[in-house]
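So the structure is just underneath, and the comments pick up after that.
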Protein chains: 2
Amino acid sequence: MTTIKDVAKLAGVSTATVSRVMNGTGYVNPSTKEKVNSAIKQLDYRPNDVARSLYKGKSKMIALFVPDIMNPFFPELARAVEDVTNQHGYTFILCNTDDDFEKEQTYLNALQQKSVDGIIIVSSTITKELVGKISTPIIALDRIIGSNISSVTVNNREGARQAVQHLKSVGCKRIAHICGPEHVSNTAKRLKGYLDEVKNEDWFLSSYIVPGEYNFETAVQATKKLLTDHTEIDGIFVWNDLMGIGALKGAEELGINVPDELSIIAFDGITVGETTTPSLSTMAQPIYDIGTQAAEMLLEQINNSGYKTKREEFTVQLIERQSTRKRG
Amino acid sequence: MTTIKDVAKLAGVSTATVSRVMNGTGYVNPSTKEKVNSAIKQLDYRPNDVARSLYKGKSKMIALFVPDIMNPFFPELARAVEDVTNQHGYTFILCNTDDDFEKEQTYLNALQQKSVDGIIIVSSTITKELVGKISTPIIALDRIIGSNISSVTVNNREGARQAVQHLKSVGCKRIAHICGPEHVSNTAKRLKGYLDEVKNEDWFLSSYIVPGEYNFETAVQATKKLLTDHTEIDGIFVWNDLMGIGALKGAEELGINVPDELSIIAFDGITVGETTTPSLSTMAQPIYDIGTQAAEMLLEQINNSGYKTKREEFTVQLIERQSTRKRG
DNA sequence: TTGAAAGCGCTAACAG
DNA sequence: CTGTTAGCGCTTTCAA
């Protein structure tokens, strides 16, 4: 590998001068600058980032922790973060944590040891204590970790309310809710939103609330059980799109027509929701904007020493597709 | 940050001894080892990987280039690579290239400057020339780059043949093919497999072959046009699952029933294929195994200086789902 | 305007 | 068995 020394030698100057030329720091005579630049070009020299990092204590790398890369929500998010960080000359690292505390810890250590400059975290298991011990800038995404960690979220409760309102508006009379995983904070929030809308209805039964897991197959089964136990159900608000697609499948397997006999709406707004038949109505999060915002906040926190904790909340938006339709 | 010096001081030994204890290299008296270890624990010391990398010229990082993180195929693949690399103590870096030569080049430079130890590349645009200039170990995935780059692929042509055979076996009489993007090598291979099976059929028309893009919406349109122009078509082999789901949607929008009037089979075996209604028959690639294999080959190449170029080919497997069914 | 030299934190000869 | 020392490639005072 060619080093700064090689360049210095070829240009007939000291390594300090080469460094100055590269970084545009300090004064350097135009003619020697010329010589240095041509030496750089001639040798196709590229500085060693590791050496730089060692000196500076910074690596120009940013990481994103996601619980499940297989859920399309996260690739869409990752895409946004990647775009922003790349634009600013950072290298992007994606870490899949499975919402596993051990894995998160391992990653956190590894990244700190590599002088990663900042981390964006989507996690339900990580603790404020763990994060508090870390000096690396951190942003919480989609969920809130602690009061002194900046976060980017959406209005989950209000969004859930709107979802249920929409089901009512298309004529649903008995509306159920399939929940998300218990340990995820959004689960409680969306459940609250659902309850806001139904708890005073005379038809409401607590058994209309069914627990769910973070995956397709479980949602299929939960839906089938729900619809078998309660044949009167004509609307379901599902915790997220992935599970919503499972609900679609469950209904189909029971021979229940969506949307004629049953309306389904979910939450997230991932692209696959458009591709199903029927396509899935949803409360869409502005996924790309969320990722962008988080990345920008992180960069600000990295570069401004006087940064103060922020809390950003985005608004979800109803997207009506085929799985909910006005009934006559 | 606590450094090796702090540990040395606390333990009353030299930094060299601390280093030896950490790395288990060379002899060290049990009792001093004891002292060092307790000092490490007491200070919660973690070695600086950047300094290590600088000295060793290696970073314990591995990267994966994918053209489109939003296609579920790649997260599944990434998952596999991540698992293997993590197991071996490497940090995994995912790079989204958009099959854009400039982006690939930028990433390649950035990673080299960071002393990344190896790269797995899925790319149709990257050239052997570019890769040839790089000393970092590289594995080509899903596509072949050059003759002296190891690769992991699947039997695309034979798989395509089997897909068409399957369509025939369920009773299809007029079979079309929606191709992949022109510049991707697999496009030609799968097309050849299709042609192997149909070119001698008396019903075959070259207009049964329609060009496609790497996305859902285009596939919907291509399918609608195809089925409108050729109402006799009763089977379609689609280049990949994402586009296959588009074909499903296209047929549905025309009111054509799948599989009663039209059978559809695609290629890849991504999980979402199970979730659609009807679910999508496909030639499944062993995605996880492919990723695992590539990662293992890369690690071998990194660690064995006497490594020789390899070419691994996996076999795809027919998965019959609802989109193809025997017709009476 | 430029060079010499120290040092970022760690490892690996080389002595002892 | 352990310490001293040089050095990985770069940046930045400090002098000149």
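Here the structure is a predicted model, which means the values were calculated and not measured. So that the names make sense, note that chain A is the first sequence line, chain B the second, and so on, each numbered from 1.
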Query raised in the report: For DNA chain D, which residues in residues 34-44 of chain A have a heavy atom at a distance below 4.0 Å?
Result: none
Query raised in the report: Under 4.0 angstrom, heavy atoms only, what part of the nucleic acid is A:Ser53 near: base, sugar-phosphate, or nothing?
Result: nothing
Report task. Determine which pairs satisfy salt bridge (charged side-chain N to carboxylate O under 4.0 Å, His left out) with at least one residue from residues 285-313 of chain B, sequence neighbours left out, and list them in order. Result -> B:Glu300-B:Lys310
Query raised in the report: With side chains defined as the heavy atoms from C-beta onward, is the minimum distance between A:Thr127 and A:Phe101 less than 4.5 Å?
Result: yes
**Report entry** Reading 5' to 3' through nucleotides 5-14 of chain C, protein heavy-atom contacts under 4.0 Å coded B for base, S for sugar-phosphate only, - for none
**Finding:** --BBBSBBB-
Backbone N/O of [Y] and side chain of [X]: donor-acceptor pair under 3.5 Å:
X	Y	answer
A:Gln293	A:Val152	no
A:Ser53	A:Lys58	yes
A:Asp117	A:Ile62	no

Requested in this report: Starting from the first five and the last five pairs of the helix from C:dT1-D:dA16 to C:dG16-D:dC1, work out the angle between the resulting helix axes, to 10 degrees.
Outcome: 50°
Report summary line: Heavy-atom nearest pair, B:Ala8 first then B:Thr15, reads CB-N, 3.8 Å
Query raised in the report: Between B:Asp99 and B:Thr125, which heavy-atom pair has the shortest distance, and what is it?
Result: O-CG2, 3.1 Å
Report task. Would you indicate, yes or no, if C:dG3 has its OP1 or OP2 atom less than 4.0 angstrom from a side-chain nitrogen or oxygen of A:Thr17? Result -> yes
Report summary line: With sequence neighbours left out, the residues meeting ring pair (Phe, Tyr, Trp, His ring centres under 6.0 Å) with B:Phe65 are B:Tyr107
Query raised in the report: Would you find more than 12 non-hydrogen atoms of other residues, nucleotides or ligands less than 6.0 Å from B:Glu129 atom CD?
Result: yes
Query raised in the report: Does NZ belonging to B:Lys103 count more than 12 external heavy atoms closer than 6.0 Å?
Result: yes
Report summary line: Rounded to the nearest 0.5 Å, the CG atom of A:Leu43 sits from the CG atom of A:Leu10 at a distance of 5.0 Å
Query raised in the report: Roughly how far, to the nearest 0.5 Å, is CG of A:Leu77 from CG of A:Asp268?
Result: 10.5 Å
Query raised in the report: Is it true that B:Asp49 and B:Lys56 have a side-chain N and a carboxylate O under 4.0 angstrom from each other?
Result: no
Query - Start and end of chain B contact along DNA chain D [non-hydrogen atoms, under 4.0 Å] - result: D:dC1 to D:dG9
